[in-house]
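Heads up, the thing below is written out as structure tokens.
Letters A, B, ... mirror the listed sequences (proteins, then strands); counts begin at 1.
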Amino acid sequence: MDDENTERSELVDRYLLGRLNDTEMRHFKKKLKDDEALRKELENAEISVEAIKNFGLRNELKSIRKAMLEEETLQDTTPAPQGRVVSIRQYATRIAATILLVLVGFLAIQVATLSREDLYTDKAFPYEVTTGRNVEETDAQNQAIQQSYADEDFEAAVRQYESLSDPPITATFIAGNAYLHLRQSEEAIRAFQKVLDLNQAQSKDLYLEDATYNLALSYLQAGQYEDALARFQAIRSSDSVYSQYVDNYFLLKLRMLNWFD
Amino acid sequence: MKISGQNLTDAEIVEALKDRKKLDASVRYLYRTHFESLAHFIKTNSGSEQDAEDFFHETLVVFIELVQQEKFRGDSSIKTFLYAILRNLWLNELKKRNRTLQRESAYFEKSEKEEKDVQGGIYQNEAKKQVLNLIGKLGENCKKILVLFYYEEMPMKDIFQAMGYESEQVARNMKYKCMKKLNELLDSNAAVKQSFKNLLVNG
């Protein structure tokens with residue numbers, strides 16, 4: 001390659017690409033007037049460079065558009081024929097996962113804050129002695145126990161009850177309540193169960209609904225959740241006046257206690 | 001400049017089109033905002049989907065070159081200007097196909113100055129396309145090295161590596177030979193050269 005031609009070509013390039021400094025530019029313009037070969041070189045180069053830039057721009061635009069269309073195709077084909085099903089399934093899975101997460105979170109909070117004592121206190125209805133209510137015996141034994149209970153001397157009530165060789169239903173029921181107050185759950189269970197047994201044996205219905213409910217409470221207080229749950233569920237599905245106090249939320253919490261306590 | 005933003009002003013787009021580093025983002029923006037409406041014009045005037053693609057591409061070439069030559073002054077919106085270019089290009093095409101324009105777009109506002117700029121851009125484009133045919137006669141390596149050097153303005157020290165040449169000097173020699181070949185092609189196509197010369201003289 002001829003050095004003079006190369007030098008001239010590079011000078012033209014630097015001029016067309018705007019890389020000449022002021023001195024070089026003045027020198028280039030002066031030389032252009034005197035140098036026919038340089039003028040011809042520049043004339044052709046100007047045309048060629050303009051066309052090359054146009055060619056380059058077209059190529060770049062084509063590349064950009066091609067990339068855009070490929071990206072669009074990729075987005076369109078991602079759902080595919082079965083994509084909608086997959087998408088709906090994924091959507092449903094996400095919803096289910098969210099619900100599960102919320103439920104687990106809710107349960108976790110409930111478990112963390114749930115206690116047997118709170119659940120018991122929430123559902124316990126302290127029995128109040130009223131004279132003349134369901135009284136089958138009016139003897140001194142019952143009256144003494146009732147009085148102790150009314151005075152909230154539960155220990156005295158229990159002592160009096162335990163001193164009886166053959167306690168009547170009322171005394172047994174009041175003793176059961178006294179045991180609950182004293183947190184003597186096992187004794188409470190036995191007392192309320194005995195109330196139910198005595199009623200059945202004597203074909204009576206003294207304190208039946210109260211004893212049934214308090215028996216369930218006694219099992220709860222004792223931590224015997226499965227027995228408590230079975231009795232509360234039976235109450236809920238019965239026409240007992242206590243059924244209104246046994247709702248699903250309470251049963252759920254009882255189940256959670258059974259699982260986690 | 002917030003080129004990746006949702007809404008760009010015409011001034012921001014024009015500035016981005018002058019900067020090669022922002023060309024990709026600005027061209028994508030023009031496609032996203034104007035392709036559908038301009039394609040609709042083509043398709044409702046005897047054009048196909050492919051015509052819409054081709055002529056929007058051609059419209060962008062004309063528009064970007066006018067912007068880079070500072071010939072888009074912002075007297076009208078980019079949308080209107082693009083439409084004016086596309087309409088002229090498509091009218092010329094319809095004439096070639098012995099068809100006429102059937103529907104005008106509601107947002108086309110005629111402006112003499114704008115029309116002159118648009119016509120000038122289209123004339124330039126036609127003249128350049130003739131030289132493009134000559135470039136097409138060059139080998140692939142020639143086209144590549146010339147684009148890298150003159151369009152992308154890549155330094156020779158980078159070009160020789162990009163092209164896989166042994167040295168920078170080999171790349172220089174290659175580029176020189178390619179330009180020489182293109183100049184010879186121009187010399188042998190006097191009509192093409194003359195129309196381009198007129199273009200350069202008249203701006």
Side-chain angles (χ1 to χ4, degrees), chain A residues 1-21 24-25 28-29 32-33 35-77, chain B residues 20 23-28 30-32 35 53 56-58 60-62 64-65 68 124-125 127-136 138 143-153 156 169 172-173 175-187 192-197 199-200:
Chain A
M1 186 168 60
D2 182 70
D3 286 346
E4 191 183 343
N5 287 343
T6 310
E7 191 182 328
R8 190 167 57 232
S9 174
E10 288 183 356
L11 185 63
V12 167
D13 283 345
R14 292 183 63 213
Y15 168 76
L16 289 174
L17 296 173
R19 292 175 183 166
L20 293 179
N21 61 34
E24 289 171 326
M25 182 65 91
F28 179 80
K29 285 184 176 175
L32 204 56
K33 286 179 183 173
D35 190 338
E36 172 65 26
L38 182 63
R39 279 203 301 275
K40 191 170 184 299
E41 175 91 27
L42 178 62
E43 185 181 273
N44 278 347
E46 278 183 318
I47 295 170
S48 298
V49 169
E50 279 299 311
I52 291 163
K53 284 183 176 177
N54 185 276
F55 180 73
L57 176 63
R58 288 170 180 279
N59 282 351
E60 187 164 8
L61 293 183
K62 278 179 191 169
S63 297
I64 293 168
R65 183 56 175 161
K66 188 181 173 196
M68 286 181 78
L69 292 172
E70 283 172 355
E71 287 160 14
E72 284 171 18
T73 305
L74 198 63
Q75 286 171 358
D76 290 345
T77 53
Chain B
R20 273 213 61 240
L23 189 70
D24 185 287
S26 48
V27 166
R28 282 170 181 264
L30 290 174
Y31 265 104
R32 284 199 303 271
F35 177 72
E53 279 288 343
F56 189 80
H57 167 85
E58 205 65 25
L60 286 186
V61 172
V62 173
I64 292 168
E65 291 208 319
Q68 290 172 346
Q124 271 189 39
N125 192 54
K128 286 175 185 174
K129 278 167 80 174
Q130 292 180 32
V131 184
L132 289 184
N133 291 333
L134 302 180
I135 292 174
L138 299 173
K143 284 187 273 193
K144 192 172 178 182
I145 198 169
L146 293 177
V147 167
L148 288 176
F149 186 79
Y150 290 108
Y151 178 71
E152 298 197 14
E153 299 189 11
M156 273 297 176
Q169 190 55 49
R172 283 182 194 284
N173 292 344
K175 183 237 136 195
Y176 176 81
K177 284 179 185 171
C178 292
M179 273 300 270
K180 193 178 175 192
K181 173 73 175 167
L182 184 55
N183 289 339
E184 286 169 2
L185 287 168
L186 272 174
D187 286 336
V192 172
K193 188 174 173 179
Q194 188 57 47
S195 70
F196 212 109
K197 273 174 73 176
L199 177 72
L200 292 173

Checklist entry - Hey, mind stepping through E41(A) and M179(B) against side chain to side chain contact (heavy atoms under 4.5 Å, CB included) and telling me if it holds? => result CA-CA 10 Å; E41(A) 175 91 27; M179(B) 273 300 270; over 6 Å; no
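For chain A, no part of E152(B) is nearby; none of its heavy atoms comes within less than 4.5 Å. At a 4.5 Å heavy-atom cutoff, the contact between K129(B) and chain A is made by side-chain atoms alone. For chain A, the nearby part of I135(B) is the side chain; its heavy atoms alone come within less than 4.5 Å. Heavy atoms of F56(B) lying under 4.5 Å from chain A are absent altogether. Using a 4.5 Å cut-off between heavy atoms, E53(B) contacts chain A through its side chain alone, with no backbone atom that close. Of the atoms belonging to E71(A), it is side-chain heavy atoms, and not backbone ones, that fall under 4.5 Å from chain B. In this structure, chain B has a heavy atom under 4.5 Å from the side chain of K40(A), while its backbone stays farther away.
Comparing N59(A), L16(A), L17(A) by heavy-atom pairs within less than 4.5 Å of chain B, the highest count is held by L17(A). Put simply, of L60(B), L148(B), D187(B), the one with the most heavy-atom pairs under 4.5 Å next to chain A is D187(B). Comparing L23(B), V131(B), V147(B), N183(B) by how many heavy-atom pairs each has under 4.5 Å with chain A, the most go to N183(B).
Atom CD1 of I52(A) is separated from atom CG of L138(B) by 8.0 Å, given to the nearest 0.5 angstrom. Annotation: the span from M68(A) atom CE to R28(B) atom CZ amounts to 6.0 Å, rounded to 0.5 Å. Expressed to the nearest 0.5 Å, how far CZ of R172(B) lies from CG of D13(A) amounts to 9.5 Å. Rounded to the nearest 0.5 Å, atoms NZ (K193(B)) and CG (N44(A)) are 3.5 Å apart.
Annotation: side chain to side chain contact (heavy atoms under 4.5 Å, CB included) contacts of Q68(B) (sequence neighbours excluded): I64(B). Applying the side chain to side chain contact (heavy atoms under 4.5 Å, CB included) test to K53(A) and every residue at least two apart in sequence or in another chain returns V49(A), Y151(B).
Of all heavy-atom pairs spanning S48(A) and L186(B), the tightest one is OG-CD1, 3.3 Å. In terms of heavy-atom proximity, F196(B) sits nearest to A51(A) at CZ-N, 4.3 Å.
Residues K180(B) and S9(A) have side chains not in contact (no heavy-atom distance under 4.5 Å, counting atoms from C-beta outward).
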